[in-house]
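Remarks on the structure that follows.
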Amino acid sequence: MKKLNALSESDFLKVLFGFFTVAFLVAALLMPDRGQMLSGLYRIISQPNKISTNYFYLGGYSATFLNMGLVALFCLALFVLFGATANNVSTLAFLLTLGFTSWGINVLNMWPSILGVMVYCLVKREKFAANVNVMLFSTGIAPLITELMVRYPRPEAVGFNLPGVALALVVGLGIGFFLPAGLAHAPKVHKGFDLYNAAVPVGMTAFFLQAVLYKTMGVALPAAPAAETLQVASRLTVNVFCIVVFGILVVTAFLMGCRPKDYWNLMVDPENAVSFSTTYGKAAFLMNVGIYGLFILGYYNLIGASFNGITFGIIFCMLACCNSGSHPGSVLPIILGYLAASWLFKALSDLTGGSFSGAINAQAIMVGLCYANGLSPISKKYGWEYSFLAGIMHYILVTSVPMLHGGYCLYNGGFTAAFVCLLLIPILERFTKTKQERLALKTERME
């Protein structure tokens, strides 16, 4: 443990990324269907990946874990080969990309947009090392890349074809080339209250491409995967894997010297956005990774989630903000907002004779909550009650936003969070005092 404590923050994060990589690759070899691992991986890369595509159904458990492990390995290799410095944004980029590899990203469709970022670096004469995070974020539109390679403009998949592959390369290169500009502008849109910053340019790009490739050209959008494909799931597989992985991280954090008071200090951090690994050290940060991961797993078990590839992946997508300000305390009000909204709209639907489909354990709602946690800075600045309200607003919007991008933006929930910020933050800034301002007023009255 002394060696871990002696590592720089960047090297420590790379070791953590390596741990996740090894965990998934080992799990792939332990799955009962490992005999179909390679054939399953081919099905994953050669079939449409429009969200929500359950890789447990499409390729099997072993192939899904293999895909996750290989993508994690490639992402880690980008950091190592280019000598990039890993930080809290890198944590978000790595875990977010990893989370999508069980339902949207694969070892093939990730590369066109990554190459686009590399072309940007060459043209602008910027170092690859400074843009590795951007390379990972660019994969948020990966399902569209597969769509272009194997199906577009047809309603059914026809397999890889030269025109489709060429179109996918052009689109992917274009996305990656222009993404850095969008990322630089995105914070002006949500003012730092959406931790999924890349969701804004990726979501807007998907919106534009859906309009160009489908709506404007009169090409019908293919249907989402059939509902029965989501039934291929394994509560045992997901729970065992997550408990072992997150448990190891908690134990390691203890052995590195993290104590309950250290983690408590992290939990009550008043800053709007912070790098936990920088501010509170490697051990406390690692404790948050393990505790927060178990918290997310526990919540999905509590609501009776079906642990398919999508549910498995969103555990890691939600975990992605673990080094940027999210922890069980900051996310709990948002979860309660989702629960309240589900109950409220079920009651209203019954009164109006509507057809309610927003149960708290519905697939779309579970995926939505995963990214609503990106609104946790609202709780830190304005208080839990406004974070609760943000959760309700996110619940309302999250199932409507896919109509904008046609189901090809993996960052749908983060994109939705940006809309919540556009609606809510101006009102809060005009009518609501921050927690610090309220505390200052209270102190002044007491004097």
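What's counted below: heavy atoms across the whole structure, side chains too, no hydrogens, waters or symmetry copies.
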Do the rings of F415 and H405 sit parallel, tilted or perpendicular, given the 30° and 60° boundaries?
-> tilted

Would you check if there is a donor-acceptor pair between the side chains of T278 and E9 at a distance under 3.5 Å?
-> yes

Show your reasoning for whether ring-ring contact (aromatic ring centres under 6.0 Å, His included) applies to F79 and F74.
-> CA-CA 9 Å; F79 283 103; F74 294 146; over 10 Å; no

Is any side-chain heavy atom of L423 closer than 4.5 Å to a side-chain heavy atom of L397?
-> yes

More than 12 heavy atoms from other groups under 6.0 Å of OH on Y42 = no

Would you say T279's side chain and F276's backbone share a donor-acceptor pair under 3.5 angstrom?
-> no

Atom of P187, atom of A184 and distance for their closest heavy-atom approach = CD-O, 3.6 Å

Should the ring pair Y338 and H394 be called parallel, tilted or perpendicular, given that the plane angle runs from 0 to 90° and is split at 30 and 60?
-> tilted

Residue pairs passing the salt bridge (charged side-chain N to carboxylate O under 4.0 Å, His left out) test where at least one lies in residues 78-102, sequence neighbours excluded | none

I315 and C242 have their tightest heavy-atom pair at CD1-SG, 4.1 Å

What do you reckon, is CZ of F307 surrounded by more than 12 foreign heavy atoms closer than 6.0 Å?
-> yes

K127 side chain to F82 main-chain N or O, any donor-acceptor pair under 3.5 Å?
-> no

Give a yes or no on this: more than 12 heavy atoms of other residues, nucleotides or ligands lie within 6.0 Å of atom CZ of F178.
-> no

Closest non-hydrogen atom pair between P143 and I51, with its separation | CG-CG2, 4.5 Å

For N412 and Y371, does a side-chain donor sit closer than 3.5 Å to a side-chain acceptor?
-> no

Would you say Q210 and L404 make side-chain contact, with heavy atoms under 4.5 Å?
-> no

Gap separating the CE atom of M366 from the CG atom of N308, nearest 0.5 angstrom | 6.5 Å

Would you check if the side chain of R259 reaches a backbone N or O of F254 as a donor-acceptor pair within less than 3.5 Å?
-> yes

Would a 4.5 Å heavy-atom cut-off, applied to side chains only, mark T432 and R438 as touching?
-> yes

May I ask you to decide if H327's main-chain N or O and S330's side chain share a donor-acceptor pair within less than 3.5 Å?
-> yes

At what distance, to the nearest 0.5 angstrom, does CG of N49 lie from CG of N54?
-> 11.5 Å

Output field: ring centroids F17/F12 closer than 6.0 Å | no

From the list T101, N67, L41, side chain to side chain contact (heavy atoms under 4.5 Å, CB included) with Y55 holds only for N67

Donor-acceptor pair between S102 and T64 side chains, under 3.5 angstrom | no

Distance col, row L144:CG vs N109:CG, nearest 0.5 angstrom, shows 10.0 Å

Over all heavy atoms of both residues, which pair between A305 and T311 is shortest? Give the atoms and the distance, please.
-> CB-CG2, 4.0 Å

Please test E429 against K191 for side-chain contact (heavy atoms from CB on, under 4.5 Å), starting from the C-alpha separation and ending with a verdict.
-> CA-CA 11 Å; E429 289 181 341; K191 294 190 173 183; 2.9 Å; yes

Are side-chain N/O atoms of N87 and S90 paired as donor and acceptor at under 3.5 Å?
-> yes

When the ring planes of F94 and F20 are compared, do they come out parallel, tilted or perpendicular, using 30° and 60° as the limits?
-> tilted

Any side-chain heavy atom of F24 sitting closer than 4.5 Å to one from F316?
-> yes

Approximate separation, where rounding is to 0.5 Å, of Y196 OH and F137 CZ = 10.5 Å

Hey, does Y292 have a side-chain heavy atom less than 4.5 Å from the side chain of L297?
-> no

Do you see a donor-acceptor pair shorter than 3.5 Å between the side chains of N239 and Y300?
-> no

Quick one: does NZ or CZ of K50 land under 6.0 Å from the six-membered ring centre of Y408, within 45 degrees of the ring axis?
-> yes

Using the side-chain contact (heavy atoms from CB on, under 4.5 Å) rule, take L183 and V200 through it: C-alpha gap first, then chi angles, then the decisive distance, then the call.
-> CA-CA 8 Å; L183 279 173; V200 176; over 6 Å; no

Ring geometry between F312 and F241 (parallel below 30°, tilted from 30 to 60°, perpendicular above 60°) | perpendicular

Which heavy-atom pair separates Y299 from L339 by the least distance, and what is that distance?
-> OH-CD2, 4.2 Å

How far does CD1 of I360 sit from CG of L369, to the nearest 0.5 angstrom?
-> 6.5 Å

Would you say the side chain of I175 lies within less than 4.5 Å of the side chain of L209, judging by non-hydrogen atoms?
-> yes

Test side chain to side chain donor-acceptor pair (under 3.5 Å) on Y263 and N288 and set out the steps.
-> CA-CA 7 Å; Y263 187 53; N288 190 50; 2.7 Å; yes

Look only at the side chain of T139 and the backbone of A142, and say whether a donor-acceptor pair between them is shorter than 3.5 Å.
-> no

Hey, mind stepping through V367 and W103 against side-chain contact (heavy atoms from CB on, under 4.5 Å) and telling me if it holds?
-> CA-CA 11 Å; V367 174; W103 59 295; 4.0 Å; yes

Verdict with supporting geometry, K282 and M256, side-chain contact (heavy atoms from CB on, under 4.5 Å) = CA-CA 8 Å; K282 298 183 285 290; M256 289 178 65; 4.0 Å; yes

Under a 4.5 Å cut-off applied to non-hydrogen side-chain atoms, are N323 and L13 in contact?
-> yes

With a 4.5 Å heavy-atom cut-off, do C121 and K124 have their side chains touching?
-> no

Going from CG on L195 to SG on C321, what distance comes out if it is rounded to the nearest 0.5 angstrom?
-> 4.5 Å

Mind telling me whether Y411 and F100 have parallel, tilted or perpendicular rings, with 30° and 60° as the class edges?
-> tilted

